[in-house]
Peer 1: 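Quick one: this structure, given as structure tokens, is what I'll be asking you about.
Only this structure's heavy atoms are used, side chains among them; waters, hydrogens and symmetry mates stay out. Keep in mind that this is a model prediction, so the values were computed, not measured.
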Amino acid sequence: MLLWVILLVLAPVSGQFARTHKSIIFLQPPWTTVFQEERVNLTCKGFRLYSTQKTKWYYRYRGKEISRETQKNTLEVQESGEYRCQAQGSPLSSPVYLDFSSASLILQAPLSVFEGDSVVLRCRAKAKVTLNTTIYKNDNVLAFLNKRTDFHIPHASLKDNGAYRCTGYKETCCPVSSNTVKIQVQESFTRPVLRVSSFQPISGSPVTLICETRLSLERSDVPLQFCFFRNDQMLGSGWSLSPKFQITAMWSKDSGSYWCKAATMDYSITSNSLRSWIQVQIPASHPVLTLSPEKALNFEGTKVTLHCETQEDSLRTLYRFYHDGVPLRHKLVRCEKGASISFSLTTEHSGNYYCTADNGHGAKPSEAVSLSVTVPVSRPVLTLSSAEDLISEGAKVTLHCEAQRGSLPIVYQFHHEDAALGNRSAHSAGGVSISFSLTAEHSGNYYCTADNGFGPQRSEAVSLSVTVPVSRPVLTLSSAEALTFEGATVTLYCEVQRGSPRILYQFYHEDVPLGSNSTPSVGKVSFSFSLTAGHSGNYYCTADNGFGPQRSEAVSLFVTVPVSRPILTLTVPRAQAVVGDLLELRCEALRGSPPIMYWFYHEDVTLGSSSVPFGGGVSFNLSLTAEHSGNYSCEANNGLVAQHSDTISLSVIVPVSRPILTFRAPRAQAVVGDLLELHCEALRGSSPILYEFYHEDVTLGKISAPSGGGASFNLSLTTEHSGIYSCEADNGLEAQRSEMVTLKVAVPVSRPVLTLRAPRAQVAVGDLLELHCEALRGSPLILYRFYHEDVTLGNSSALSGGAFFNLSLTAEHSGNYCCEADNGLGAQRSETVTLYITGLTANRSGPVATGVTGGLLSLAGLAAGALLLYCWLSRKAGREPASDPCRSPSDSDSQEPTYHNVPAWEELQPVYSNVNPRGENVVYSEVRIIREKKKHAVASDPRHLRNKGSPTIYSEVKVASTPASRSLFLASSAPHR
């Protein structure tokens with residue numbers, strides 16, 4: 001133990017920071033939470049070398065603090081509270097809180113946890129608590145221990161930080177939860193810091209690297225190993241127990257980024273230091289001074305650059321420049337090999353130059369460089385002199401050129417309008433001269449140059465004007481555009497070949513002055529303007545320099561005018577364009593030089609084109625169809641620019657075609673009560689279209705269709721709707737009438753009435769019986785069928801009036817008769833009529849005479865019965881008279897007679913009919929005698945018939961035996977006379 005303490009005191013040598021260590025409390029058992037009545041041993045460790053180990057202890061609980069001193073460094077406790085200790089010669093320890101818990105379930109954890117530790121969490125329970133344990137971390141299930149008590153964290157790291165607890169179950173009631181233990185994983189040692197003996201070592205000097213870190217007090221006995229790196233490359237032999245690394249000599253290539261790594265012996269915990277840059281310093285060599293530009297002449301005004309450069313790279317280098325030992329400037333540079341200064345030369349800059357370089361290890365001078373400054377010539381001055389006052393052709397002129405400054409020799413050169421006249425060399429001051437006799441060509445600008453090898457200098461120009469009358473000018477015309485069209489810019493040039501300046505030029509158009517311009521020398525002048533149509537014509541110019549104007553030849557100019565935007569007009573013979581009309585399209589540009597080409601377009605499709613050699617527009621004709629609706633435009637082009645007209649829309653109206661009328665009914669045959677749809681449609685024609693429906697030329701209604709598809713009109717059919725129908729379509733151009741369509745409304749047959757007709761009142765075997773069946777309503781053709789006891793006797797078709805069937809009677813013909821009417825819309829059957837045949841045809845006079853008396857006696861009763869029957873029938877048919885004949889027999893002559901349409905026979909014949917009022921079981925039978933050749937018989941009461949001498953009417957009221965068949969019995973005895 002003593003050796004361990006000695007090593008700990010010497011820890012800074014091993015790469016750990018030196019510091020004063022506090023006392024530390026160790027626990028046995030190592031838990032901070034235990035059950036009540038258990039005991040915990042505290043051990044206090046100090047870090048000073050003393051022979052005795054007296055220890056002070058401090059206990060705090062609920063605001064009260066108790067202290068005591070022990071001769072040894074251990075203390076046994078069993079009370080909850082905060083404990084601290086102080087070993088002799090060491091500072092006070094950090095507090096440790098112990099909890100002696102009375103809970104039935106506790107979770108125990110060590111006092112301190114460090115990275116890499118193997119940690120045990122122990123869940124302990126008292127009796128009557130079942131350890132079906134679950135461990136929670138931060139209230140999330142971490143593990144299920146079942147019957148185990150310990151939870152292991154094999155290698156603690158920062159991710160294991162958190163609040164832990166465990167749970168179990170009491171045997172009697174419910175689950176229980178332990179106390180919460182907070183675990184904070186601590187670093188075993190601090191992040192290492194790289195210490196360097198010098199971050200800027202001199203090349204060849206040694207450098208020491210130290211990797212410093214600090215162990216935690218509780219882990220101060222943990223050995224560490226170290227490793228050093230340069231630019232991620234391991235130095236030396238790798239890992240070492242020493243925190244130091246010695247580099248015997250640093251060279252330029254060793255500059256770079258250095259760092260170290262500390263680790264435990266098993267490498268379970270490692271930590272890297274920050275990176276540090278080490279720059280190896282190299283002592284400066286003798287610099288080299290250069291002058292640039294190297295091959296240029298160092299004359300006055302030239303910009304010269306002095307560059308001082310060493311061979312080595314240094315972190316910092318101070319460069320100084322000197323002229324004949326006098327400092328000029330200095331520059332401090334970093335990580336660069338050289339520095340430069342520049343200046344413009346003057347005569348004072350001639351002499352010797354050198355520089356020095358110092359990177360902190362002493363200044364080193366360069367070799368000297370000599371500089372000789374040469375003076376270039378100054379700008380020369382040109383003078384002109386002549387013996388004559390008037391400078392005219394033939395006069396002698398002298399030109400003199402002289403530079404006031406410049407190194408000799410100097411070469412002078414004379415120029416006339418940039419043409420060299422000659423040169424002279426001067427080896428002394430004073431300049432040079434040349435002389436010549438003037439001609440007209442000598443007018444112009446003169447100058448001279450002087451050059452002493454450092455570049456020529458040019459004098460100011462001197463003008464010389466030799467007076468010469470102007471020659472005849474020449475007028476030319478130019479334009480940037482190939483065509484001189486309206487709006488183009490045209491330039492007139494007027495030029496003379498000879499003539500003394502100043503020359504005045506004047507431009508004319510058809511003898512009208514346009515403008516003037518003057519020029520100080522022979523040449524040409526210009527006049528520009530933008531063309532309009534009025535600029536066509538002849539142009540000329542004049543030139544005058546004071547000796548009289550000269551006029552040029554005339555030049556003609558024709559201005560081409562671009563076409564204006566054309567105007568398109570559409571002409572049709574009526575207000576609205578209609579299919580078949582002749583459409584005239586006329587396109588005209590009001591301005592533009594001919595010829596003009598016109599194009600016509602419909603929806604951007606070319607219809608045609610036409611050219612006009614002179615002014616005016618062109619026309620294009622179209623015979624309109626429905627496809628010609630749309631947008632029209634035209635284009636005009638005379639070769640300069642194409643112009644497009646505005647777009648004009650044309651809508652071509654299509655007259656309606658003859659409409660088609662169709663019927664739409666729920667069945668093939670239209671029947672009363674059906675809903676009939678009349679549909680009228682014109683297959684062609686512009687919308688909207690007004691449709692009108694007619695029945696027998698009477699308007700039924702009108703419907704407008706905004707688009708195609710026609711229109712419909714509905715009718716609920718009655719018998720009056722039969723007839724001829726048509727429709728009419730009109731879209732405002734011309735109405736069209738459809739074909740006539742005939743509609744026949746079929747009426748279902750009503751219940752027919754069966755009438756039996758015999759030649760006498762009493763039918764007998766051998767008589768001819770006529771059966772007449774008639775339906776009062778129903779569309780023809782009606783098929784009638786006759787039945788005797790439901791056996792078909794025959795059938796017959798009739799358009800109207802019913803049908804007849806004749807029988808020559810035998811004894812078997814007694815029985816029930818009926819008939820059926822059918823026109824294809826449903827058969828209807830008549831009421832049943834019973835015929836009873838009672839005698840033979842051999843001798844009839846006896847029985848007839850015998851029955852006359854009985855008939856006369858019963859006539860009054862029969863008349864009353866007949867009158868009652870008539871009154872009832874009149875009410876059933878809805879023809880009840882204003883005064884009832886049953887109540888007032890005296891008014892019977894005023895009531896309306898009833899007519900039956902029957903064939904006329906040669907003799908009086910009885911008529912049999914059956915009436916069954918209101919579906920009751922009473923059957924009223926009536927026999928009427930019809931006179932010969934009469935088609936109408938009067939139905940009246942028996943008294944009326946007797947007064948008129950009519951035959952006897954037999955009436956009898958019978959009750960039918962069954963609803964299906966009501967029997968009618970005729971009297972068998974003849975009436976008494």
Side-chain angles (χ1 to χ4, degrees), residues 476-493 507-510 512 514-515 526-539 555-654 686:
T476 56
L477 181 147
S478 68
S479 172
E481 293 81 3
L483 297 174
T484 52
F485 55 85
E486 191 175 32
T489 300
V490 169
T491 302
L492 302 177
Y493 294 95
F507 295 90
Y508 295 88
H509 172 223
E510 301 292 355
V512 176
L514 296 175
S526 61
F527 181 80
S528 300
F529 53 92
S530 296
L531 292 178
T532 64
H535 284 127
S536 295
N538 294 320
Y539 291 80
V555 176
S556 295
L557 174 65
F558 177 72
V559 180
T560 304
V561 179
V563 292
S564 60
R565 190 171 191 180
I567 298 172
L568 176 66
T569 55
L570 306 183
T571 304
V572 290
R574 65 187 92 190
Q576 179 66 53
V578 181
V579 170
D581 287 352
L582 185 65
L583 171 67
E584 179 187 7
L585 293 85
R586 180 167 182 81
C587 186
E588 183 176 2
L590 300 180
R591 295 177 66 256
S593 301
I596 301 175
M597 176 66 77
Y598 291 92
W599 280 271
F600 294 89
Y601 299 94
H602 174 224
E603 301 293 352
D604 296 328
V605 176
T606 304
L607 297 174
S609 62
S610 181
S611 177
V612 290
F614 306 106
V618 295
S619 297
F620 185 84
N621 294 331
L622 279 176
S623 182
L624 293 177
T625 64
E627 290 75 17
H628 285 128
S629 292
N631 295 319
Y632 289 82
S633 63
C634 70
E635 184 180 85
N637 191 347
N638 64 345
L640 299 179
V641 64
Q643 293 284 351
H644 214 81
S645 72
D646 288 328
T647 300
I648 298 179
S649 296
L650 177 68
S651 178
V652 180
I653 301 300
V654 181
S686 300

Peer 1: Set out, in order, the CA-CA distance, both residues' side-chain angles and the distance that settles side-chain contact (heavy atoms from CB on, under 4.5 Å) for Leu640 and Val563, then state yes or no.
Peer 2: CA-CA 8 Å; Leu640 299 179; Val563 292; over 6 Å; no

Peer 1: Hey, could you give me each pair passing side-chain hydrogen bond (donor to acceptor under 3.5 Å, both in side chains) that has a residue in residues 569-581? Not counting sequence neighbours.
Peer 2: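 Sorted result for residues 569-581: Arg574-Asp581.
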
Peer 1: If you round to the nearest 0.5 Å, how far is OG of Ser528 from OH of Tyr493?
Peer 2: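 Interatomic distance, Tyr493 OH to Ser528 OG, rounded to 0.5 Å: 6.0 Å.
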
Peer 1: Using the test ring-ring contact (aromatic ring centres under 6.0 Å, His included), find all partners of His509 that sit at least two apart in sequence or belong to another chain.
Peer 2: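 His509 satisfies ring-ring contact (aromatic ring centres under 6.0 Å, His included) with Tyr539 once adjacent residues are dropped.
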
Peer 1: Looking at residues at least two apart in the chain, or sitting in another chain, which of them share a side chain to side chain donor-acceptor pair (under 3.5 Å) with Glu584?
Peer 2: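 With sequence neighbours excluded, Glu584 shows a side chain to side chain donor-acceptor pair (under 3.5 Å) to Ser619, given in chain and number order.
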
Peer 1: Taking side chain as C-beta onward, heavy atoms only, is Leu650 less than 4.5 Å from Leu624?
Peer 2: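 SC-SC contact between Leu650 and Leu624 confirmed.
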
Peer 1: If the condition is side-chain contact (heavy atoms from CB on, under 4.5 Å), which residues does His602 pass it with, not counting sequence neighbours?
Peer 2: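 Only Leu607, Tyr632 meet the side-chain contact (heavy atoms from CB on, under 4.5 Å) criterion with His602.
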
Peer 1: What pairs with Ser649 under side chain to side chain donor-acceptor pair (under 3.5 Å), at least two apart in sequence or on another chain?
Peer 2: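 So Ser649 forms a side chain to side chain donor-acceptor pair (under 3.5 Å) with Asn631.
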
Peer 1: If the condition is ring-ring contact (aromatic ring centres under 6.0 Å, His included), which residues does Phe527 pass it with, not counting sequence neighbours?
Peer 2: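 Checked Phe527 against ring-ring contact (aromatic ring centres under 6.0 Å, His included); matches are Phe507, Phe529.
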
Peer 1: Identify, with sequence neighbours excluded, every residue that meets side-chain contact (heavy atoms from CB on, under 4.5 Å) alongside Val612.
Peer 2: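 Residues passing side-chain contact (heavy atoms from CB on, under 4.5 Å) with Val612: Ile596, Tyr598, Val618.
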
Peer 1: Evaluate the side-chain proximity of Val555 to Leu492: yes if any heavy-atom separation is below 4.5 Å, no if none is.
Peer 2: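 Leu492 does not reach Val555 side chain to side chain.
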
Peer 1: Do the side chain of Thr491 and the main chain of Ser526 share a donor and acceptor less than 3.5 angstrom apart?
Peer 2: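 No; zero donor-acceptor contacts below 3.5 Å.
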
Peer 1: Once side chain to side chain donor-acceptor pair (under 3.5 Å) is applied, do any residues pair with Glu510, and if so which ones, sequence neighbours excluded?
Peer 2: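 For Glu510 there are no side chain to side chain donor-acceptor pair (under 3.5 Å) partners, ignoring immediate neighbours.
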
Peer 1: Quick one: does Ser593's side chain have a donor or acceptor within less than 3.5 Å of a partner on Thr560's backbone?
Peer 2: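 No.
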
Peer 1: Evaluate the side-chain contact (heavy atoms from CB on, under 4.5 Å) criterion for residues Leu531 and Leu557: first the C-alpha distance (whole Å), next the side-chain angles of each, then the deciding distance (0.1 Å), finally the verdict.
Peer 2: CA-CA 10 Å; Leu531 292 178; Leu557 174 65; 3.8 Å; yes

Peer 1: Which pairs count as disulfide (SG to SG under 2.5 Å) when at least one residue sits in residues 558-645, sequence neighbours excluded?
Peer 2: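 Found Cys587-Cys634.
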
Peer 1: Apply side chain to side chain donor-acceptor pair (under 3.5 Å) to Ser633 and list each qualifying residue two or more places apart in sequence or on a separate chain.
Peer 2: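 Ser633 satisfies side chain to side chain donor-acceptor pair (under 3.5 Å) with His644 only.
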
Peer 1: Going by ring-ring contact (aromatic ring centres under 6.0 Å, His included), name the residues that satisfy it together with Phe558, two or more places apart in sequence or in a different chain.
Peer 2: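 Per chain and number, Phe558 pairs via ring-ring contact (aromatic ring centres under 6.0 Å, His included) with no residue.
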
Peer 1: Would you say that Leu583 contacts Val652 through its side chain, given a criterion of any heavy-atom pair below 4.5 Å between the two side chains?
Peer 2: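 In short, these two side chains do not touch, never coming nearer than 4.5 Å.
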
Peer 1: To the nearest 0.5 Å, what is the distance between OG on Ser530 and NE2 on His535?
Peer 2: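 NE2 of His535 is found 8.5 Å from OG of Ser530.
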
Peer 1: Please name the pair of heavy atoms, one in Ala642 and one in Glu635, separated by the smallest distance, quoted to 0.1 Å.
Peer 2: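 For Ala642 versus Glu635, the nearest heavy atoms are CB-CD, 4.0 Å.
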
Peer 1: If you round to the nearest 0.5 Å, how far is CG of Leu582 from OG of Ser623?
Peer 2: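 Rounded to the nearest 0.5 Å, the OG-CG separation comes to 6.5 Å.
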
Peer 1: I need the Arg565 CZ to Ser645 OG distance, nearest 0.5 Å.
Peer 2: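 These two atoms lie 7.0 Å from each other.
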
Peer 1: State which residues pass ring-ring contact (aromatic ring centres under 6.0 Å, His included) with Phe600; sequence neighbours excluded, sorted by chain then number.
Peer 2: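 For Phe600, the residues satisfying ring-ring contact (aromatic ring centres under 6.0 Å, His included) (neighbours in sequence not counted) are Phe620.
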
Peer 1: Just verifying a value: how many Å separate Ile567 CD1 and Leu590 CG, rounded to the nearest 0.5 Å?
Peer 2: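 Reported value, rounded in 0.5 Å steps: 4.5 Å.
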
